[in-house]
**Student:** 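Here it is, the structure in full.
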Amino acid sequence: MKLAVMVNEGPYQHQSADSALQFTKAALEKGHEVFRVFFYHDGVNNGTRFGVPPQDDRNITVQWSELAEQHNIDLVVCVAAAQRRGLLDENEAKRHGKDGNNIANGFRISGLGQLIEAGIQSDRLVVFGD
Amino acid sequence: MENEGGIKKFMYVNRKAPYGTIYALESLEVVLIGAAFDQDVSLAFLDDGVYQLAKGQDTKGIGMKNFSPIYKVLGDYDINKLYVEKESLEARGLTLDDLQEIMYEDEDDDWEEKPSIRVVSAAELRDLMDEQDIVLSF
Amino acid sequence: MAMLHTVNKSPFENRSLDSCLGRIKDGAAVLLFEDAVYGAMKGTAVAGKVQSAMEKSKVYVLGPDLRARGMSEDQVLDGINVVDYGGFVDLVTEHDSVQAWL
């Protein structure tokens, strides 16, 4: 089956990102297709490569990036939510005159239409948040 | 917009009050963008979500943008099914009169102005939710 | 058209479980995960409410979240099924749609 996942909270503060990650892994293990993971609200913070969690803790962003690389999953960060919270890719940084970008591997910044499209194209949409 | 699977029923479920958290505002942003996709869209307001529609919101004193006027233009985006749960209103001592008036023009009825807000019982809302293909919760 | 409802908040500090249980159709399924797993335990103030919901709908609890919190499966209310993340995925695919009570 084709599944889409929405993540509405950032990593570490709430369990939502961990739950979404475990759910996504389990769905892939069962042979389902994950059409897209869409990050909204503070969920966009899953996509910053600047996080440095302690060595004995999990690195949620790296886990997402690895998952994207291994299974070719589309990790989409909402542009409007990302701009508010200071998550930028190279283009966004240039466009807004910022001196750097912080998006992690495997994530891309795009519009909210990507969420609606995920809902239309997938058989199920599962929302994780607080 | 291409849609191979036909039109889906999308419901935006709003259960949180405005301003205290950003969920209400960012939910509205999804609704506005989603309107371009020509799906069957409805909004449900229940629990503290009913406070999002309260009339007379004035945010000057808190330094935040008052986004309540946006609900009034949803009709221009062909979004005219705003279900407000009766029990949630009653539990908060509110009636329909405490909410903003939100109208749309019905293209199937000679563009007559009609209210977008429909107060429904918990049982009616339960049936409406059950019909949905996609439930976006905020 | 059976729906899967997910609840992730403790019923002792948040009304999401109440909101959910009051608005689900007969035959629906409810999955308790994250802090909502406390709502699946025996002997709590919400146990009666959960049990009466179970007369008309199925209730599941996520095992990994239970174990993480030191809650034993033996203490889960009779009739609640304990599932793992794979079971969570199955619940999603077996139901027509999913509603998260955030």
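Naming convention: chains lettered A, B, ... in sequence-line order (proteins, then strands); numbering from 1 in each chain.
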**Student:** Considering non-hydrogen atoms only, spot the tightest contact between A:Ser19 and C:Tyr85 and give its length.
**Tutor:**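 Heavy atoms only, the tightest pair is O-CE2, 4.1 Å.
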**Student:** Is there a side chain to side chain contact (heavy atoms under 4.5 Å, CB included) between A:Val127 and C:Val98 once you walk through the steps?
**Tutor:** CA-CA 8 Å; A:Val127 183; C:Val98 190; over 6 Å; no
**Student:** Could you check C:Asn8 against A:Gln15 for side chain to side chain contact (heavy atoms under 4.5 Å, CB included), going step by step and ending with a plain yes or no?
**Tutor:** CA-CA 9 Å; C:Asn8 68 331; A:Gln15 196 185 343; over 6 Å; no
**Student:** Has A:Asp57 got more than 12 heavy atoms of other residues, nucleotides or ligands less than 6.0 Å from its CG?
**Tutor:**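 Count over threshold, so yes.
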**Student:** Under 4.5 Å from any heavy atom of chain A, what part of C:Asp65 do you find: side chain, backbone, both or neither?
**Tutor:**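 Answer is side chain: those atoms of C:Asp65 sit under 4.5 Å from chain A.
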**Student:** Might you confirm whether atom NZ of C:Lys56 has over 12 heavy atoms from other residues, nucleotides or ligands at distances under 6.0 Å?
**Tutor:**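 Open: at most 12 neighbouring heavy atoms sit under 6.0 Å from NZ of C:Lys56.
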**Student:** Would you say the rings of C:Phe88 and A:Phe23 are close, in the sense that their centroids are separated by under 6.0 Å?
**Tutor:**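 They qualify: ring centres under 6.0 Å apart.
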**Student:** With a sphere of 6.0 Å drawn around CZ of C:Arg15, does it hold more than 12 non-hydrogen atoms of other residues, nucleotides or ligands?
**Tutor:**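 No, CZ of C:Arg15 has 12 or fewer neighbouring heavy atoms, counting only those of other groups under 6.0 Å.
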**Student:** Taking side chain as C-beta onward, heavy atoms only, is C:Lys9 less than 4.5 Å from A:Asp130?
**Tutor:**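 Yes. Closest side-chain heavy atoms under 4.5 Å.
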**Student:** Does atom CD of C:Glu94 have more than 12 heavy-atom neighbours, drawn from other residues, nucleotides or ligands, at distances under 6.0 Å?
**Tutor:**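 Result for CD/C:Glu94: enclosed.
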**Student:** So does C:Lys42 have more than 12 non-hydrogen atoms from other groups sitting under 6.0 Å from NZ?
**Tutor:**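 Yes - once you tally the heavy atoms of other residues, nucleotides and ligands closer than 6.0 Å, there are more than 12.
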**Student:** Treating A:Arg124 as the side-chain partner and C:His95 as the backbone partner, does any N or O pair qualify as donor plus acceptor under 3.5 Å?
**Tutor:**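 Between the backbone of C:His95 and the side chain of A:Arg124 there is a qualifying donor-acceptor contact (under 3.5 Å).
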**Student:** Within a 6.0 Å radius of atom NZ on C:Lys58, are there more than 12 heavy atoms belonging to other residues, nucleotides or ligands?
**Tutor:**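 Counting neighbours around NZ of C:Lys58, 12 or fewer heavy atoms of other residues, nucleotides or ligands fall under 6.0 Å, so no.
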**Student:** Give, as side chain, backbone, both or neither, the part of A:Asn8 having an atom under 4.5 angstrom from any heavy atom of chain C.
**Tutor:**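 Answer is side chain: those atoms of A:Asn8 sit under 4.5 Å from chain C.
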**Student:** Near C:Asp84 CG, under 6.0 Å, is it more than 12 heavy atoms from other residues, nucleotides or ligands?
**Tutor:**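 Atom CG in C:Asp84 is crowded, with more than 12 foreign heavy atoms closer than 6.0 Å.
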**Student:** Please flag which part of A:Leu3 lies under 4.5 Å from any non-hydrogen atom of chain C: side chain, backbone, both or neither.
**Tutor:**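 Answer is side chain: those atoms of A:Leu3 sit under 4.5 Å from chain C.
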**Student:** Would you say A:Lys30 and C:Asp90 make side-chain contact, with heavy atoms under 4.5 Å?
**Tutor:**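 A:Lys30 vs C:Asp90: side chains touch.
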**Student:** Less than 4.5 Å to any heavy atom of chain C: does that hold for the side chain of A:His32, its backbone, both, or neither?
**Tutor:**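 It is the side chain, since no backbone atom gets that close.
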**Student:** Name the region of A:Gln22, side chain, backbone, both or neither, that has any atom closer than 4.5 Å to a heavy atom of chain C.
**Tutor:**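 A:Gln22 touches chain C through backbone and side-chain heavy atoms alike.
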**Student:** Compare every heavy atom of C:Gly86 with every heavy atom of A:Ala26, then report the nearest pair and how far apart it is.
**Tutor:**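 That closest heavy-atom pairing would be CB-N, 3.9 Å.
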